Amino acid sequence: MNQTVVLAMALTLSLCWEVHAADAKNLAMGASQPLKGREVYMQSCAMCHSPGIGGAPRPGVSEDWAERAKKGPAELMVSVLRGKGAMPPKGGNASLSRGEAYLALDFMLNGDK
Ligand code: HEC
């Protein structure tokens, strides 16, 4: 084997390695994609809202929402971000982004789409 061949092989190998590294990075980024509404709800809202603890309105139970829904989603979102009554801001999960909190609210109001 002459030196050029060895060099070419070494180059090819290092290129492959870089592609793999990029794949691994993409996968890692995929893992931190924003959560879906149902997931956020299950993690941060369900413990109060599914059983209706402290008068928390239960998703899918229309009489729980009759009065509240009149405010519209924007006003309800303010309650989610600031907290309301026994509900702490963002349901107590300060690490939620606004977007994630909105997805959870949307899931509560409209279910899976
Ligand atoms: C610690 C229990 C608890 C958690 C966790 C919680 N909530 Fe609530 N939530 C409540 C209670 C209690 C109320 C009723 C508050 C009131 O009207 O006095 C409420 C009310 C609401 C309302 C109606 C607000 C209004 O203006 O009438 C929305 C919307 C809501 N919650 C969304 C969420 C979302 C979205 C999450 C998760 C990110 C969440 N909640 C997590 C207890 C909780």
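One-based numbering, in listed order, for ligands and for the atoms of each. Every value quoted in this text rests on a predicted model; they were computed, and no experiment measured them.
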At less than 4.0 angstrom from any non-hydrogen atom of [X], what atoms of ligand 1 do you find?
X      : result
Leu105 : 29 (C), 35 (C)
Ala86  : 12 (C)
Ile53  : 12 (C)
Lys71  : 25 (C), 26 (O), 27 (O)
Ser79  : 24 (C), 25 (C), 26 (O)
Ser44  : 5 (C), 37 (C), 41 (C)
Gly54  : 12 (C)
Leu96  : 38 (C)

If only atom types and distance count, is the side chain of [X] paired as donor or acceptor with the main-chain N or O of [Y] below 3.5 Å?
X     : Y     : answer
Glu39 : Lys36 : yes
Trp65 : Lys70 : no
His49 : Ala56 : no

If you have a sec, work out which protein heavy atom is nearest [atom] and how many Å separate them, to one decimal?
atom                    : answer
atom 35 (C) of ligand 1 : Cys45 SG, 3.7 Å
atom 15 (C) of ligand 1 : Lys84 O, 3.5 Å
atom 2 (C) of ligand 1  : Cys48 SG, 1.8 Å
atom 18 (O) of ligand 1 : Gly85 CA, 3.7 Å
atom 13 (C) of ligand 1 : Ala56 CA, 3.7 Å
atom 41 (C) of ligand 1 : Gly91 CA, 3.4 Å
atom 23 (C) of ligand 1 : Arg68 CD, 3.7 Å
atom 20 (C) of ligand 1 : Pro57 CD, 3.5 Å

Please find the pair of heavy atoms, one from Pro51 and one from Cys48, that lie closest to each other, and give the distance.
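Here Pro51 and Cys48 meet closest at CD-O, 3.4 Å.
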To check you understand the geometry: which heavy-atom pair defines the closest contact between Met47 and Ile53, and what is its length?
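It is O-CD1, 3.4 Å.
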Please state which part of Met77 comes within less than 4.0 Å of ligand 1, counting heavy atoms only: side chain, backbone, both or neither.
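No part of Met77 is near ligand 1 at this cut-off.
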Just go through Met87, Glu75, Lys90 and tell me whose heavy atom is the nearest to atom 22 (C) of ligand 1.
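Heavy atom nearest to atom 22 (C) of ligand 1 belongs to Met87.
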Is [Y] close to [X] at the side-chain level, that is, under 4.5 Å between some pair of heavy atoms?
X      : Y      : answer
Tyr41  : Pro59  : yes
Lys84  : Arg68  : yes
Val40  : Asn93  : no
Pro89  : Leu81  : no
Cys45  : Met108 : yes
Phe107 : Asp112 : yes

Check if Gly92 has a non-hydrogen atom at a distance under 4.0 Å from any atom of ligand 1.
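Distance cut 4.0 Å: Gly92 fails for ligand 1.
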Taking both backbone and side chain into account, is any N, O or S atom of His49 nearer than 2.8 Å to atom 8 (Fe) of ligand 1?
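Looking at His49, which is the residue asked about, there is an N, O or S atom under 2.8 Å from atom 8 (Fe) of ligand 1.
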Single-linkage hydrophobic cluster, 4.5 Å side-chain cutoff, Leu109 and Met87 together:
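They do not share one cluster, since no chain of ILVMFWY contacts under 4.5 Å joins Leu109 to Met87.
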Please check if atom CE in Met77 has more than 12 non-hydrogen atoms from other residues, nucleotides or ligands closer than 6.0 Å.
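Yes.
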N/O to N/O below 3.5 Å, does that happen between Trp65 and ligand 1?
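Such a contact does not occur with ligand 1.
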